[in-house]
Number of protein chains: 2
Amino acid sequence: MEVGRTETGGGESLLFLTDEQLRKGIEAMYFAYRAFTADPDRILETHEYGRAHHRAIHFINRQSGLTVNMLLIMLGVTKQSLNRVLRTLVEDGLVEARIGRRDKRERNLYLTEKGAALERELSDAQRARMRAAYRAAGPAAVAGFRQVLEAMMDPEIRRHYQAMKDGAA
Amino acid sequence: MEVGRTETGGGESLLFLTDEQLRKGIEAMYFAYRAFTADPDRILETHEYGRAHHRAIHFINRQSGLTVNMLLIMLGVTKQSLNRVLRTLVEDGLVEARIGRRDKRERNLYLTEKGAALERELSDAQRARMRAAYRAAGPAAVAGFRQVLEAMMDPEIRRHYQAMKDGAA
DNA sequence: TTGGAAAGTCAACAAGGCTGACATAAAATC
DNA sequence: GATTTTATGTCAGCCTTGTTGACTTTCCAA
């Protein structure tokens with residue numbers, strides 16, 4: 001609590017670590033996250049889906065063929081909770097669950113064309129806001145934005161986040 | 001969608017606006033927000049409260065004496081939803097709702113000592129994570145972090161966010 | 001004095017978390 | 001080959017926190 005009100009020997013200001021600065025950061029996270037989810041939420045309403053469906057669709061699109069267990073780890077929810085969501089997506093023909101080749105206990109998840117279409121609609125909207133914010137803030141700010149967010153994540157999740165590469169399984 | 005893959009005439013790279021960069025930003029927001037709420041959530045559990053109580057307590061602490069209507073705007077929920085939360089906080093003696101001096105229809109909200117104690121416990125935990133992230137990323141990154149988050153907010157909320165000054169009503 | 005704003009309340013409902021218990025198939029191990 | 005572990009699915013019930021709609025009370029201001 002008494003941290004950040006002095007200068008280091010090296011002369012680098014620590015004023016950015018005052019409680020007031022931290023509180024502004026906390027509020028910024030809260031308000032920005034609300035805006036961040038608002039656009040997809042509006043779209044989801046018209047499709048009779050919720051935020052949980054969006055998350056599942058996002059990660060299945062991101063890493064086509066990932067297993068239920070992997071998705072569970074990414075989302076950090078119980079299998080019962082995920083299953084409810086996943087079942088409706090499969091029933092509605094947005095997601096296909098194929099039995100694993102090597103390990104037949106596993107289910108590999110894929111978006112159907114219909115699922116991919118909804119994913120595009122959702123991520124277009126979300127990216128539009130993110131792009132506007134990025135453009136307004138500029139590349140240096142964006143780099144800092146990403147650095148702070150990464151530092152805030154739980155370490156295990158951060159590893160998954162950093163490992164996630166382009167599209168393919 | 002085809003944006004960001006070229007360079008401007010001025011030579012400034014727009015590679016930070018590619019869909020892949022935007023997607024990483026989206027995922028970073030999601031994962032970081034989850035970590036951001038995890039610590040307070042654990043504390044709230046032991047007190048039989050939820051995230052909604054935390055938010056109310058946060059803003060009442062931040063702007064002591066604010067009205068129910070103002071709190072409604074900050075939180076972006078319905079009065080019925082807020083009322084349920086606020087009622088338990090008043091009943092449990094964490095919040096005091098005083099009738100407005102000028103306008104007696106209004107209720108000005110204040111934290112009691114007990115309420116302030118819980119607020120401190122919650123925000124200490126939340127600040128600890130934020131401080132660690134700030135320290136790891138450094139002041140320049142923090143400035144960028146705040147810039148991008150502000151640019152992402154809805155304009156009306158951003159005005160409130162920027163207007164909110166230190167403590168007093 | 002009356003219209004409308006601020007606040008409170010009741011009821012009903014939905015999404016999406018949770019726990020616990022149990023079933024099945026397949027893989028892994030003894 | 002028998003047993004245990006793992007991955008998945010499913011049923012039932014609970015909680016928090018959001019929603020809508022209807023209605024009341026209080027009280028400022030035109």
Side-chain angles (χ1 to χ4, degrees), chain A residues 30 33-34 37-38 40-60 65-92 95-110, chain B residues 30 33-34 37-38 40-60 65-92 95-110:
Chain A
Y30 170 61
Y33 192 80
R34 230 169 63 189
T37 54
D41 281 356
R42 264 189 297 274
I43 293 167
L44 286 158
E45 251 178 46
T46 75
H47 292 264
E48 310 262 74
Y49 290 125
R51 218 174 269 184
H53 300 87
H54 182 189
R55 290 175 191 146
I57 287 173
H58 173 93
F59 285 110
I60 295 171
L66 91 173
T67 62
V68 172
N69 216 22
M70 196 57 212
L71 186 51
L72 237 29
I73 291 169
M74 301 308 295
L75 296 176
V77 297
T78 60
K79 65 171 179 171
Q80 293 93 328
S81 202
L82 174 58
N83 197 254
R84 183 168 36 198
V85 164
L86 221 41
R87 190 170 33 189
T88 71
L89 291 174
V90 170
E91 279 170 4
D92 296 355
V95 167
E96 198 187 342
R98 294 186 210 144
I99 292 175
R101 288 174 297 107
R102 294 167 316 193
D103 189 330
K104 292 177 185 166
R105 289 170 306 182
E106 295 183 341
R107 298 284 181 279
N108 296 108
L109 303 170
Y110 301 88
Chain B
Y30 170 62
Y33 192 79
R34 231 169 63 189
T37 55
D41 280 357
R42 265 189 296 275
I43 293 168
L44 287 158
E45 250 177 47
T46 76
H47 291 264
E48 310 262 71
Y49 290 123
R51 219 176 268 185
H53 300 88
H54 183 189
R55 289 175 191 145
I57 287 173
H58 173 95
F59 286 111
I60 295 170
L66 90 174
T67 63
V68 172
N69 214 26
M70 197 57 212
L71 187 51
L72 237 27
I73 291 169
M74 301 307 296
L75 296 177
V77 297
T78 60
K79 65 172 178 173
Q80 293 92 330
S81 200
L82 174 59
N83 198 255
R84 185 168 33 198
V85 164
L86 223 39
R87 191 172 28 189
T88 71
L89 290 174
V90 170
E91 280 169 4
D92 296 352
V95 167
E96 197 186 345
R98 294 188 208 144
I99 292 175
R101 287 174 300 109
R102 292 167 317 194
D103 187 333
K104 291 179 186 167
R105 288 168 306 179
E106 294 182 343
R107 298 286 181 278
N108 295 107
L109 303 170
Y110 301 88

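Letters go in sequence order (proteins before strands), and every chain restarts at 1. As a basis for the values below, the full set of heavy atoms in this structure was taken, side chains included, without hydrogen atoms, waters or symmetry mates.
Residues A:Met74 and B:Arg34 approach most closely at O-NH1, 2.7 Å, considering heavy atoms. The shortest heavy-atom contact between A:Leu89 and A:Ala56 is CD1-CB, 4.1 Å.
When rounded to the nearest whole Å, the span between CZ of A:Arg84 and P of D:dT8 equals 18 Å. Summarising the geometry, the separation between CG on A:Asn69 and P on D:dT5 is reported as 17 Å, rounded to the nearest angstrom. Taking atom CG on A:Leu82 and atom C1' on D:dT10, their separation rounds to 13 Å, with Å as the unit. The separation between B:Gln80 atom CD and D:dG21 atom C1' is 8 Å, rounded to whole Å. Atom CG in B:Leu89 sits roughly 13 Å away from atom P in D:dT16 (whole-Å rounding). Residue B:Lys79 contributes atom NZ, which lies 13 Å from atom P of D:dC23 at whole-angstrom precision.
Between B:Tyr30 and A:Phe59, the two ring planes are tilted [angle within 30° to 60°]. Classified by interplanar angle (parallel below 30°, tilted 30° to 60°, perpendicular above 60°), the ring pair A:His53/A:Tyr49 is tilted.
Crowding of B:Glu48 atom CD: a count of heavy atoms from other residues, nucleotides or ligands under 6.0 Å not exceeding 12.
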Inset, instruction - I would like to know whether B:Leu75 and B:Leu71 meet side-chain contact (heavy atoms from CB on, under 4.5 Å); could you show each step before the answer? - result: CA-CA 6 Å; B:Leu75 296 177; B:Leu71 187 51; 3.8 Å; yes
Inset, instruction - Could you walk me through whether B:Val68 and B:Leu86 pass side-chain contact (heavy atoms from CB on, under 4.5 Å), step by step? - result: CA-CA 9 Å; B:Val68 172; B:Leu86 223 39; 4.2 Å; yes
Inset, instruction - Could you walk me through whether B:Asn83 and B:Gln80 pass the side-chain contact (heavy atoms from CB on, under 4.5 Å) test, one step at a time? - result: CA-CA 5 Å; B:Asn83 198 255; B:Gln80 293 92 330; 5.6 Å; no
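Using a 4.0 Å cutoff to heavy atoms of chain A, the contacted part of DNA chain C runs 5' to 3' from C:dG16 to C:dA27.
DNA chain D is contacted by B:Gly50, B:Arg51, B:Ala52, B:His53, B:Arg55 of residues 47-57 of chain B, taking any non-hydrogen atom closer than 4.0 Å. Only A:Arg105, A:Glu106, A:Arg107, listed by number, bring a heavy atom of residues 96-107 of chain A to less than 4.0 angstrom from any atom of DNA chain D.
Ion pair A:Lys104/A:Glu106 not flagged as a salt bridge, since none of the NZ, NE, NH1 or NH2 atoms sits closer than 4.0 Å to an Asp/Glu carboxylate oxygen.
Within the structure, a side-chain polar atom (N or O) of B:Thr78 is placed less than 4.0 Å from OP1 or OP2 of D:dT19.
At distances below 3.5 Å, not a single donor-acceptor pair connects side-chain atoms of A:Thr46 with backbone N or O atoms of A:Arg42.
In this structure, the side chains of B:Ile99 and B:Asn108 stay at 4.5 Å or more apart for every pair of heavy atoms.
Summary of the strand contacts: B:Leu72 and A:Ser81 both lie near DNA chain C, and taking for each the nucleotide with the nearest heavy atom, the more 5' one is attributed to B:Leu72.
Backbone-only contact: A:Arg87 has heavy atoms under 4.0 Å from sugar-phosphate atoms and none from a base.
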